[in-house]
Amino acid sequence: MSKATKNVKAIRTARAKRSARAILIAFMVQRQEMGSVRVILGYLLGMTFLALGTKDFLQYALETGEPVNICETFIVTASQGMACRFWVLGYLLAVGDAPFVKGNACMVLYRSGRQVWNTGMLLYVFLQGFLYTLCLAVVSVAAGTPFGFAGGLWSSPTYMLATVASNGIAGKYHIYFDGAAIMEHMTVYQAFGITFLYILCYFVFLGILLYLCNLSLGGFWGLAAVSAAHLGGVVLSFAGSLHLSPAYYVDSAGSHWRYPGRMLVLILMMAAVTSAAVKRADIQER
């Protein structure tokens, strides 16, 4: 075996070890944080807003006398703007302690190094966003189970909501669903998955923005940056320029992939900035 081959293998082994350590750090922080009152309250806040959002749709489904697909509750509720305006508040409360420096942080930093620790924190933000979104999705499916069926087919009540009867239903039940295109081009399972992805991207974007600003500038600036970004998104959603639901972007050309693609670019750019910021950050246990 040549010296160059040995060096390549050594580099790959070192990278694998660093990746494994970062993953372990992320799960360690997740285990610590899930027992926090702040995180529990964040999840409960998200469930409260979810209940407020699903109530009207389930009442509409009940009064139609027709079953709905159990996945449609999540899809339709996310289209109301609840995810962009209110669901995110619970997630921000859950990750509000960024950059999560407490307990044995100094020991972890000493043993793993700042870059590995930073990667672990970024993975934790993603992991918390995924679990929070998954919790919302599972609870919404469970709430819709007594009213419907499983499968990839759309229901008649949702079809009416998205087409001819939309105005009358919106006025009576205070719900709307501009989903004619998504119903044409996607099954319910596909729509459920892409809706989950949209919400997850938005949550992770705000979570990493909060982490970056808190790491480099301090807690006040992190809160200010996230508040400005979130309120800006809310204003754009009211103006019709930005939506968190893929129902507004789906067409035969695959336009619904543009939003997650742009969010991924922003997330990767902020992650790269954290790699530089963590070198200069004054990391102290709380």
Side-chain angles (χ1 to χ4, degrees), residues 11-12 14-34 36 38-39 42 84 88-133 197-233 244 259-286:
I11 293 173
R12 290 177 178 175
R15 288 178 178 174
K17 288 182 178 179
R18 288 197 295 268
S19 298
R21 288 176 182 172
I23 293 172
L24 287 175
I25 290 171
F27 279 100
M28 177 192 69
V29 176
Q30 176 71 22
R31 186 175 63 252
Q32 293 174 346
E33 289 288 298
M34 288 306 291
S36 168
R38 171 181 44 78
V39 175
C84 176
V88 69
L89 300 180
Y91 171 69
L92 291 177
L93 182 59
V95 297
D97 199 33
F100 320 108
V101 181
K102 54 187 175 182
N104 59 346
C106 288
M107 183 183 67
V108 174
L109 278 166
Y110 176 77
R111 296 184 63 180
S112 64
R114 289 190 172 223
Q115 292 299 338
V116 173
W117 177 84
N118 179 63
T119 303
M121 296 302 102
L122 294 174
L123 288 175
Y124 165 71
V125 171
F126 171 81
L127 180 61
Q128 188 66 275
F130 178 82
L131 291 177
Y132 182 80
T133 309
L197 178 62
Y198 269 51
I199 295 173
L200 175 61
C201 285
Y202 185 64
F203 287 175
V204 173
F205 165 74
L206 289 182
I208 292 183
L209 177 62
L210 177 67
Y211 168 75
L212 171 61
C213 293
N214 282 357
L215 179 68
S216 55
L217 301 174
F220 169 78
W221 293 107
L223 179 61
V226 169
S227 298
H230 181 57
L231 291 176
L244 199 56
Y259 176 86
R262 291 168 181 170
M263 294 300 290
L264 179 60
V265 170
L266 291 174
I267 289 169
L268 292 177
M269 289 174 60
M270 289 191 297
V273 174
T274 63
S275 297
V278 74
K279 296 177 182 178
R280 305 186 302 271
D282 182 17
I283 301 175
Q284 299 179 356
E285 292 185 9
R286 300 179 182 180

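These numbers come from the heavy atoms of this one structure, side chains and all, not from hydrogens, waters or symmetry mates.
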Enquirer: Go through R21 and W117 one step at a time and tell me if the side-chain contact (heavy atoms from CB on, under 4.5 Å) criterion holds.
Expert: CA-CA 8 Å; R21 288 176 182 172; W117 177 84; over 6 Å; no

Enquirer: Starting at CG of L212, measure out to CD1 of I267 and round the result to the nearest 0.5 Å.
Expert: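 The distance works out to 12.5 Å.
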
Enquirer: For Y198, what residues pass the side chain to side chain donor-acceptor pair (under 3.5 Å) criterion, not counting sequence neighbours?
Expert: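 Side chain to side chain donor-acceptor pair (under 3.5 Å) check on Y198 returns nothing, list empty.
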
Enquirer: Any side-chain heavy-atom pair from L215 and M121 closer than 4.5 angstrom?
Expert: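 They are not in contact (no side-chain heavy atoms under 4.5 Å apart), so the answer is no.
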
Enquirer: Against I208, only a single residue in L122, L268, L266, V95 fulfils side-chain contact (heavy atoms from CB on, under 4.5 Å); can you say which?
Expert: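 Filter result, single survivor: L122.
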
Enquirer: Holding to ring-ring contact (aromatic ring centres under 6.0 Å, His included), I want the full list of residues that pass it with F27, two or more places apart in sequence or in another chain.
Expert: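 Residues passing ring-ring contact (aromatic ring centres under 6.0 Å, His included) with F27: none at all.
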
Enquirer: I'd like to check the side chain to side chain donor-acceptor pair (under 3.5 Å) partners of Y211; sequence neighbours left out, ordered by chain and number.
Expert: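 Y211: side chain to side chain donor-acceptor pair (under 3.5 Å) contacts with N118.
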
Enquirer: Check the pair V125, Y91 against side-chain contact (heavy atoms from CB on, under 4.5 Å), reporting the backbone distance first and the verdict last.
Expert: CA-CA 10 Å; V125 171; Y91 171 69; 3.2 Å; yes

Enquirer: Once rounded to the nearest 0.5 Å, what's the spacing between atom OG of S36 and atom CG of L93?
Expert: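 Answer for the OG-CG pair, S36 versus L93, is 8.5 Å.
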
Enquirer: What distance separates E33 CD from Y124 OH, expressed to the nearest 0.5 Å?
Expert: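 Between atom CD of E33 and atom OH of Y124 there are 4.0 Å.
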
Enquirer: So which atom in G96 and which in L210 form the shortest heavy-atom distance, rounded to 0.1 Å?
Expert: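 Scanning both residues, the minimum pair turns out to be CA-CD2, 4.0 Å.
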
Enquirer: Might you point out which heavy atoms bring A229 and L209 nearest each other, and give the distance in Å?
Expert: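 The pair with the smallest heavy-atom distance is CB-CD2, 3.9 Å.
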
Enquirer: Under 3.5 Å, is there a donor-acceptor pair between the Y132 and Q128 side chains?
Expert: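 Per modelled atom types, Y132 and Q128 side chains form no pair under 3.5 Å.
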
Enquirer: List the steps, then state whether side-chain contact (heavy atoms from CB on, under 4.5 Å) holds for H230 with Y202.
Expert: CA-CA 9 Å; H230 181 57; Y202 185 64; 2.8 Å; yes

Enquirer: OG/S216 to NZ/K279 distance, rounded to the nearest 0.5 angstrom?
Expert: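 S216 OG to K279 NZ: 14.5 Å, rounded to 0.5 Å.
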
Enquirer: Exactly one of Q32, Q30, R31 should register a side-chain contact (heavy atoms from CB on, under 4.5 Å) with M34. Which one does?
Expert: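 One option only clears the test, and that one is Q30.
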
Enquirer: With distance as the sole test, does Q115 use its side chain to make a donor-acceptor pair with the main-chain N or O of S275 at under 3.5 Å?
Expert: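 At least one qualifying donor-acceptor pair exists.
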
Enquirer: Going through the distances and angles, do L200 and F126 end up as a side-chain contact (heavy atoms from CB on, under 4.5 Å)?
Expert: CA-CA 8 Å; L200 175 61; F126 171 81; 4.0 Å; yes

Enquirer: Checking the side chain of R18 only, and the main-chain atoms of V116 only, is there a donor and an acceptor separated by less than 3.5 Å?
Expert: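 A pair under 3.5 Å: no.
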
